[in-house]
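See below for the structure under consideration.
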Amino acid sequence: MSETRETRRAASLPRQLAWTAGAVLIIAALVFPVYWMAVLAFDDSRSILADTPVFWPRQPSLDNFTHAWDLVAGNILISTIVALSVTVITLVIAVPASYYLAQFRFRWTAVIMLGLLVAQMIPGIALGLSFYTMFAQAHLLNSYVGLILADTTYGIPFAVVLLRAFMESVPADTLAAARIDGSGEWRVFIRIAVPLATPGIITAALFAFLFAWGDFLFAVTLNGTGAVQPVTVGLYKFVGTYGSDWGGIMASVVLAIIPASVFLILAQRWLTVGVRTGGMTG
Amino acid sequence: MSTATEVVTRRSAESTGRAPRRPVARRRLVSAAFVAPLVVFLLVFFAYPLGLGIAMSLQDFDVAALVRGFGDFVGLANYVDVLKSPVTQAAVVRTVIFTVLSVVFSVGIGLAIALYFNRRFPLSRFLRALILLPWLLPTIASGTLFKIMFADDGLVNKVLATLGIIQQPVPWLTDPTAAMAALILVNIWAGISFPAVAFYTGLQDIPRDLYNAAAVDGAGRWRVFRSITFPLLRPVTMIVLVYGIIYTLKVFDIVYVMTGGGPADGTQLLSTWAYTESFTNYSFGGGAAVSNILLAFSLVAASFYIWLQRRSARV
């Protein structure tokens with residue numbers, strides 16, 4: 001019976017290939033804007049000004065990248081520093097907290113989980129305006145510390161919710177056995193819980209990094225005088241200053257999306273986990 | 001999605017996962033250290049700013065107040081002022097239209113993509129991964145990319161002209177109506193990934209046996225969709241819709257980079273208008289009032305979301 005079912009469900013090879021062709025078209029339409037961006041970035045700017053649309057680089061060149069790199073290299077360094085710091089802080093706070101919320105009896109767990117869910121839904125501008133006032137008082141405007149702290153608000157609620165799901169699957173018996181062996185709470189946490197939750201920790205780290213890297217709102221709000229301008233702000237300024245240099249702008253966009261692209265290629269598995277859990281847990 | 005297993009593990013953790021004999025107070029203290037930083041973080045970077053936002057919206061909060069840290073209490077005057085302003089009124093309407101159209105189309109397209117990919121064919125895994133791309137890109141990068149596509153002499157106008165659809169270039173970014181259309185299109189694009197992935201997961205969770213039974217009964221494709229797929233996807237659909245609303249209400253970057261809320265405040269959403277009130281008009285009290293109005297929309301949607309989740313968890 002099960003065999004007939006299988007044969008009925010499995011489509012013939014030509015049919016399957018037809019489905020592949022359709023899927024290629026759908027995905028091509030979806031990612032076309034990104035492809036077109038690459039065309040402009042790798043093309044000599046002059047052919048862009050032609051009246052008929054250009055769909056492939058006519059005069060491939062890296063000149064746009066030379067110009068873009070000169071202008072946004074500093075911003076990329078700043079983004080890297082900020083995003084790495086945010087990732088570290090996010091993990092330091094979220095990993096132990098998620099372990100505790102998953103494995104310990106705590107009166108406030110339900111309240112905190114609800115708070116974390118709502119925290120992810122608050123419009124950034126509502127926080128940004130208050131951060132501006134708070135940081136003006138604390139002399140944290142135009143500073144790395146200020147931007148890093150603000151950017152952790154993207155990653156931490158997400159990371160705790162995600163990691164708690166992983167921490168819940170750590171068998172309580174294993175933890176109890178380690179405690180009976182005399183291990184302290186921190187040792188149990190580091191030796192048993194952290195290794196078992198590693199896939200979740202990787203996902204949380206990737207997203208904390210991507211969220212911080214992509215932040216524009218806090219960067220533009222909290223850095224009015226422009227001491228700490230990440231790549232998103234650099235890109236915005238580039239458009240404002242050299243609005244007609246499309247090739248250069250697109251080359252900067254390519255530079256700005258490097259982390260997202262690298263993660264998509266190398267860490268797809270973990271990103272999918274994140275997208276699914278990020279929206280669906282609570 | 002795995003609610004049942006979660007409940008089981010949590011219960012077993014509660015019954016057996018307690019630390020062994022040791023002074024209770026000390027044990028509590030050690031374990032509280034796991035969660036204390038998170039609690040402090042939530043209080044300082046979420047609870048306090050939200051409270052401060054309410055306080056600022058009730059004060060005459062100008063630049064001088066910013067230096068002092070507080071302004072004169074004016075009651076609800078900021079709310080009255082911003083609600084009387086035609087820009088705010090238009091921004092409310094625009095935010096609603098922007099959100100509804102973005103969500104309806106991105107969820108609809110996401111569902112269509114998920115249904116298409118809900119079968120086996122060569123390369124499906126690789127192609128499915130690419131669906132994530134619009135969602136992963138920094139929104140400022142997508143906004144910049146589309147700003148150039150929608151420029152007067154940009155690709156969109158060139159293609160439309162080549163196809164003979166338009167004679168004159170459409171002023172995509174300088175006419176308020178055309179600009180809103182462009183912004184909505186870009187936001188739909190940026191919003192497809194999440195519903196597509198969520199629906200795909202939902203479809204994979206539907207037991208194969210149901211489809212087999214329907215095939216045995218000789219049910220047609222449409223019948224199968226209406227009687228099996230659609231009803232079983234309903235909980236996911238509700239959650240995706242509400243999540244989409246919440247996500248779209250937050251949108252700021254795309255509008256800021258593509259139109260800056262202009263021309264003449266013609267594309268201001270509540271989020272960008274709150275920013276403009278604060279940093280262009282230097283009315284931080286008014287900006288806070290606008291952002292609290294936006295926050296109220298988000299919180300209504302959030303409550304609905306939580307209610308939906310509770311309900312689906314109970315079933």
Side-chain angles (χ1 to χ4, degrees), chain A residues 5 16 19-20 23 26-27 31 33-34 36-37 52-53 93 96-97 99-100 103-105 115 118-119 121 123-127 129-131 133 136-137 153 156 160 168-169 172-173 175-176 179-180 185 214 216-217 232 235-236 239 246 249 253 256-257 260 264 268 271 275-276 279-280 282, chain B residues 1 6 9-10 12-14 16-17 19-20 30-31 34-35 37-38 41-42 45-46 49 52-53 66 69 121-123 127 129-130 132-133 136-138 140-141 144-145 148 155 158-159 162 194 197-198 201 212 243 246 249-250 252-253 257 271 274-275 278 287-288 291 294-295 298 302 309:
Chain A
R5 238 184 248 162
Q16 285 198 16
W19 281 111
T20 303
I26 294 170
I27 299 303
V31 303
V34 180
W36 187 71
M37 164 199 76
T52 48
I93 293 183
Y99 168 69
Y100 186 82
Q103 294 288 351
F104 287 75
R105 206 184 263 234
V118 174
M121 301 177 169
I125 188 70
L127 294 176
L129 294 179
S130 297
F131 286 164
T133 307
Q137 297 294 310
T153 59
I156 287 181
V160 176
E168 272 175 341
S169 63
D173 298 346
L175 297 173
R179 289 191 188 105
I180 289 164
E185 285 303 327
F216 174 71
L217 177 58
T232 47
L235 189 55
Y236 179 75
V239 177
W246 291 0
I249 291 171
V253 176
I257 68 171
L264 186 63
Q268 211 187 88
L271 293 181
V275 177
R276 229 178 276 155
M280 300 313 241
Chain B
M1 296 281 94
E6 274 171 27
T9 42
R10 198 173 315 160
S12 65
E14 275 170 7
T16 58
V30 170
S31 49
F34 283 103
V35 79
L38 175 70
F41 172 83
L42 289 176
F45 290 100
F46 283 99
L52 180 63
L66 199 64
F121 53 84
L123 289 179
L127 291 166
L130 285 173
L132 291 177
L133 190 64
L136 284 178
L137 298 186
I140 207 76
T144 306
L145 155 61
I148 296 204
L155 183 73
K158 273 183 193 166
V159 169
T162 310
F194 175 71
V197 173
T201 314
N212 294 332
Y243 186 81
I246 294 161
L249 286 171
K250 293 168 80 163
F252 173 88
D253 300 3
V257 68
S271 59
Y275 179 89
S278 301
S291 94
L294 173 62
L295 188 61
S298 298
Q309 274 208 327

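Small disclaimer: the values here were computed from a predicted structure and weren't measured. As a basis for the values below, the full set of heavy atoms in this structure was taken, side chains included, without hydrogen atoms, waters or symmetry mates.
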In terms of heavy-atom pairs under 4.5 Å with chain A, which of [options] leads?
options: G53(B), P37(B), S278(B), P138(B); value: P138(B)
options: L294(B), V257(B), L130(B), V35(B); value: V35(B)
options: A129(B), G287(B), A288(B), A302(B); value: A129(B)
options: L249(B), V159(B), L145(B), I246(B); value: L145(B)

Contacting moiety of [X], where chain B heavy atoms sit under 4.5 Å:
X: I249(A); value: side chain
X: L217(A); value: both
X: F216(A); value: both

Report which part of [X] has an atom under 4.5 Å of a heavy atom belonging to chain A: side chain, backbone, both, or neither.
X: F41(B); value: side chain
X: L66(B); value: both
X: S271(B); value: both

Could you tell me if the side chain of D253(B) sits less than 4.5 Å from the side chain of Y236(A), heavy atoms only?
no

Indicate the ring-plane relationship of F45(B) and F131(A), choosing parallel, tilted or perpendicular according to the 30° and 60° boundaries.
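If you compare the ring of F45(B) with that of F131(A), the planes turn out perpendicular.
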
So, the side chain of S291(B) versus the backbone of I125(A): is there a donor-acceptor pair under 3.5 Å, distance only?
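Answer holds: no.
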
